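Everything below concerns the one structure shown next.
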Amino acid sequence: MLIGRDDDLELIRGFVDEARTSGGALLLSGDAGVGKTELLDAAAAHAHAANTRVARAAGVEFESSVGFAGLHQILHPLLDGLEELAAAYRSTLSVALGLQHGAPPQQLMVSNAVSALLGHAGAERPLLVIVDDLPWLDRASAIVMGLVARRLGDSASRVGFLGAYRSDEGSFFDRGGVTTHHLQPLDPAAAEKLVRDRFPALTPRVRTRLLSEAQGNPLALLELPIALNGTRRAPATIPDVLPLGRRLQTLFAARIEALPPETRLLLLYAVLDGTGDLHTLQAATHTATGTGPTGIENLAPAERAGLVYVDDTTGRLTFRHPLTRSAVVELSTSDQRRRIHHALAEHTTDRPERRAWHLAQATVEPDEHVATLLEQTAHAVLRRGDAGGAIAALLRAADLSPRGHERGRRIAEAAYLGADLTGDLRDVPKLLEDARRADGGRAGPLVAAVAAAHHLLLSGEGDLDTAHRLLTGAIDMQHQPYDATDTTMTDALYTLAWVCHGAQRPELWKPLHQAIALLTPHIPDRVALTLATLADPARTAPPALGLLDETIATLDQETDPVHIIRTAMAAVYVDRLADCRTALRRILRDGRDTSAVTLELQGLVFLSRDCFTAGAWDQLDEQTEQGQRLSTTHSYQLLTTDYLYQRALVAAARGDTATTQALTDEMTLWAAPRRVGSALSGASHAKALAALGQGRYEEAYRHATAVSPAGELASHVPTALFLVMDLVEAALRTGRQTEAAAHVTAVREAGIAAISPRLTMIVEASAALTAHDPHARELFRRALSTPGTDRWPFDHARVRLAYGEHLRRARAATEARIHLTDALDTFQRLGARPWAARAAGELRATGQPTRQPAARADHHGPASLTPQQREIAHLAAAGLTNKQIGERLRLSPRTVSTHLHQLFPKLGITSRAALRDALAEPTRHTPDDSATVKP
């Protein structure tokens, strides 16, 4: 019986019953140990009782690189119906599953064939497909099943799909359009009932402590007592610190360590094998020990401990929880794993792909035989339509190649396949031919690697680690020292810098710096600029700023769009994008053709970033919408996350919590499994800003320190430069004065104030927040007197607000009103509602009515509207919908809505119904009042 899960069980059983007649798809998400697998078990039991066929599978870590391994698990029980399918579908599936040879099938064709097979099985008898651990499905299977699941939700078949995944993990399984049920922890009453039922001997004090620490997580409630006592008897006492680190994994580690050595060894075999086949385990352990069969009976202690069980329907060994597998591997040594992989390879000769991967895992030194087997595996999975699996196999084969020529050839071929994933390169065949003609250390593989890395970087794959390996491997093969005048090498270094920036991991920059050290005659100035300001700007940018300013000064005369983009890339984190604005707009004006799509997209990214800092938030909305549309058309997901980031910042500043959450969730779900650090830090930045504006200071501190710890500027995480004041303010408002002061000290010692006027203002203001009068007042004055800071209106208004708050607390009400009024006006103009509310509240506290700032002549009535806002207002007053207005003015409905939301306060109204009267007020007209500005 599942305690406390009545509503969840009702939902699951209702889904199964409905899917029996009309099909459908449902996903379960939740934290580790919350009970997803138990609900899947309940669904399977309910389906069996209702005479519904069940096809069950689970993602397995080792099989995540084996193309279509998950699909084979799912479809294996249904293959008896394969002969009944149309010839095209039958052939497609047979090739994808490795049952026969043929032309590589497209993923859409595989999806169609899978849908047809499932539909055929469902026509004979209702079918429920259950897949646990979706993040561990291999990429090819995940993409196919994502398409199939979405179709089931719109079909009238008798096939249901039920999947489960941890809510903090992403995958290649596309969850868009599939209903998701998030499994919550148990409520307090159910949690207590579970503990009392399973551990009735617990003392009230211990039980209360367990309930408090476990926070309703069923796995913690069941495992903690066992882990604490080492047996299934309840503990009499409990330590001060419970072993809950690393999301319960230590609990499993403790239980595994208590098992006999032969049982632990057998579990490691099972994890690395991944199939659960007991015959393979028996034979492989015999090969490894050479002393005769060890006996599957050695699994008994693990079964008694509740870690594994043998599935009655499949006869295979199954782990009860994914953390068990992780803990088994973590407790093993690399030598143990290599020996076991070698033994498993000896017993998978009938499955060449698995054998090749086992041998690859067992091999340390270069080995041409194993490299050849992996290359053959790459070609085999490519024939089945899994280009991603082929790339992984070729790259590992390259790692194991003892000869430079073979290594280069394999890397080049992987490069070709990587570029071909999006089908967007016209010169791929020529690149491949050039690469294969290279005899080690020639430019061909480097050209192909750059092309492939660009597409891996930009595409929906977003595979930064593969792109990094491609580039570093290809650069390694070039003759040393490297030629700094070689444009291919320069392109490779820029692309590698982009990859490293996307990852935001310091270790990935090391090969790039090593390659630059080998350049001759010297490093090109342009490369130096980008590296200095993009890699770790807090530490490396200042010496390069003079050269960057000189380069930007001549940018309007620059004719090379690539150089403009690279200069803008260097300008992002040192606050010089505004000076690149004209040149970037020229790229958009002159480059609107498919051959320049990447440059156009990058140009839009930099212009939208500039719009945020400059306070042109309405324009940002239009540009990000255009960029997202173009990115989606070309599957450039990495750039899409940049647009999401800018939109999330605006939504956060304007207090739109739902939009901020939706945008940052979208960023995180895509970026987390791919380890795209730039997107993850951007999401944290937006969430910190949203929380800070709405007074959720503990949450703001948590998100800000996720980007950079308090008291230091995280290495190679340039986003940290945008969060200096956010972190300091959040720390102070949560009682962390020491951390706030330490962060101010860190940014002062780093010298970031010398980078730009904005950072000068921010550093001085942050120092003022931690100081006492009169020193604090002097620091605020220095911050606001920094020349040029009005180019960053939102940041400038935040400093004015902070200074006004300080003055109001110091009872300098008259001076406080000046700064608070200016801050309020800026926030109102930007539509930054939570910040405006905060400024208005401070003004009221000084004794000034909050209507006064809004009553100024230049910010009230129809005269305060921009020409575009005025036309939108008149059209809305005439009764047109947002969609109709957008069609007339060539704007999106969302942009129209944003404009209306901003012009209502200017007119002193709250609804469209009041527009006609508000616009009829007498106003002073200028010759330009009737002008219409269209994007």
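Here the structure is a predicted model, which is why all the values come from computation and not from measurement.
How far CG of Leu265 is from CG of Leu259: 12.0 Å, rounded to the nearest 0.5 Å. Interatomic distance, CZ of Arg396 versus CG of Leu373, reported as 13.0 Å (0.5 Å rounding). Considering CD of Glu303 and CG of Leu317, their distance stands at 7.0 Å, rounded to 0.5 Å. Atoms NE2 and OG1, on His342 and Thr363 in that order, are 7.0 Å from each other to the nearest 0.5 Å. Taken from OG1 in Thr377 to CG in Leu394, the straight-line distance is 10.0 Å, to the nearest 0.5 Å. Here CG of Leu344 is found 8.5 Å from CZ of Arg354. Values are rounded to the nearest 0.5 Å.
Under the 30°/60° scheme for interplanar angles, the aromatic rings of His358 and His341 are found to be tilted.
Enclosure of atom CD in Glu365 is not indicated, since only 12 or fewer non-hydrogen atoms of other residues, nucleotides or ligands lie within 6.0 angstrom. With a 6.0 Å radius and a threshold of 12 heavy atoms from other residues, nucleotides or ligands, His76 has its NE2 atom at or below the threshold.
In this structure, Asp138 contributes its side chain and Ser141 its backbone to a donor-acceptor pair below 3.5 Å. When atom types are taken as modelled, the side chain of Arg53 and the backbone of Pro77 share a donor-acceptor pair closer than 3.5 angstrom.
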Show the numbers, then the answer: is there a side-chain contact (heavy atoms from CB on, under 4.5 Å) between Leu137 and Tyr165? CA-CA 11 Å; Leu137 273 187; Tyr165 65 96; over 6 Å; no

Steps toward side-chain hydrogen bond (donor to acceptor under 3.5 Å, both in side chains) verdict (Thr372, Glu368): CA-CA 6 Å; Thr372 300; Glu368 181 59 27; 3.2 Å; yes

side-chain hydrogen bond (donor to acceptor under 3.5 Å, both in side chains) for Thr333 and Asp335? Distances and angles first, verdict last. CA-CA 5 Å; Thr333 66; Asp335 182 62; 5.2 Å; no

Evaluate the criterion side-chain contact (heavy atoms from CB on, under 4.5 Å) for residue pair Asp273 and Ile340; output intermediate values, then yes/no. CA-CA 9 Å; Asp273 171 56; Ile340 290 174; over 6 Å; no

Under the criterion side-chain contact (heavy atoms from CB on, under 4.5 Å), I'd like the reasoning laid out for Leu27 against Phe173: C-alpha separation, chi angles, the key distance, then a yes or no. CA-CA 11 Å; Leu27 299 177; Phe173 185 93; 4.0 Å; yes

List the steps and the verdict of side-chain contact (heavy atoms from CB on, under 4.5 Å) for Gln100 and Ser91. CA-CA 8 Å; Gln100 69 180 46; Ser91 173; 3.7 Å; yes

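Across all non-hydrogen atoms, the minimal contact from Gln336 to Leu268 is CB-CD2, 4.1 Å. Residue Leu85 comes nearest to His120 through the heavy atom pair CD2-CB, 4.0 Å, listed as atom of the first residue, atom of the second, then distance. Of all the heavy atoms in Met109 and Thr92, the pair that sits closest is CE-OG1, 3.6 Å. Of all heavy-atom pairs spanning Val381 and Ala390, the tightest one is CG2-N, 3.5 Å. Across every non-hydrogen atom of Thr52 and Pro126, the tightest pair is CG2-O, 3.3 Å. Summarising the geometry of Thr180 relative to Ser29, their closest heavy-atom pair is CG2-OG, 3.8 Å, with the distance given to 0.1 Å.
Salt bridge Asp465/Arg505: present, at least one basic N to carboxylate O contact under 4.0 Å. Of the charged side-chain nitrogens involved, none lies within less than 4.0 Å of a carboxylate oxygen, so that Asp133 and Lys36 do not count as a salt-bridged pair.
Counting only heavy atoms from C-beta outward, the side chains of Leu374 and Trp357 approach each other to under 4.5 Å. Put simply, the side chain of Phe68 reaches to within 4.5 Å of the side chain of Val110, judged on heavy atoms. Using a 4.5 Å cut-off on side-chain heavy atoms (C-beta onward), Arg151 and Ser111 make contact. Looking at heavy atoms from C-beta onward, Leu28 lies out of side-chain contact with Leu183 at the 4.5 angstrom threshold. Arg674 is not listed as a side-chain neighbour of Leu464, based on a closest heavy-atom distance of 4.5 Å or more. Between Arg304 and Pro301 there is a side-chain heavy-atom pair separated by less than 4.5 Å. Within the 4.5 Å cutoff, the side chain of Met145 has no heavy atoms near those of the Leu134 side chain. Inter-residue side-chain proximity for Leu496 and His468 is flagged as met; some heavy-atom pair is nearer than 4.5 Å.
Tested against Val16 for a side-chain contact (heavy atoms from CB on, under 4.5 Å), the candidates Leu26, Val54, Leu128, Ile130 yield a single pass: Leu128.
Residues passing the salt bridge (charged side-chain N to carboxylate O under 4.0 Å, His left out) test with Arg125: none are found, sequence neighbours excluded. In terms of the side chain to side chain contact (heavy atoms under 4.5 Å, CB included) criterion, residue partners of Glu262 (sequence neighbours excluded) are, by chain and number, Pro260, Asn298.
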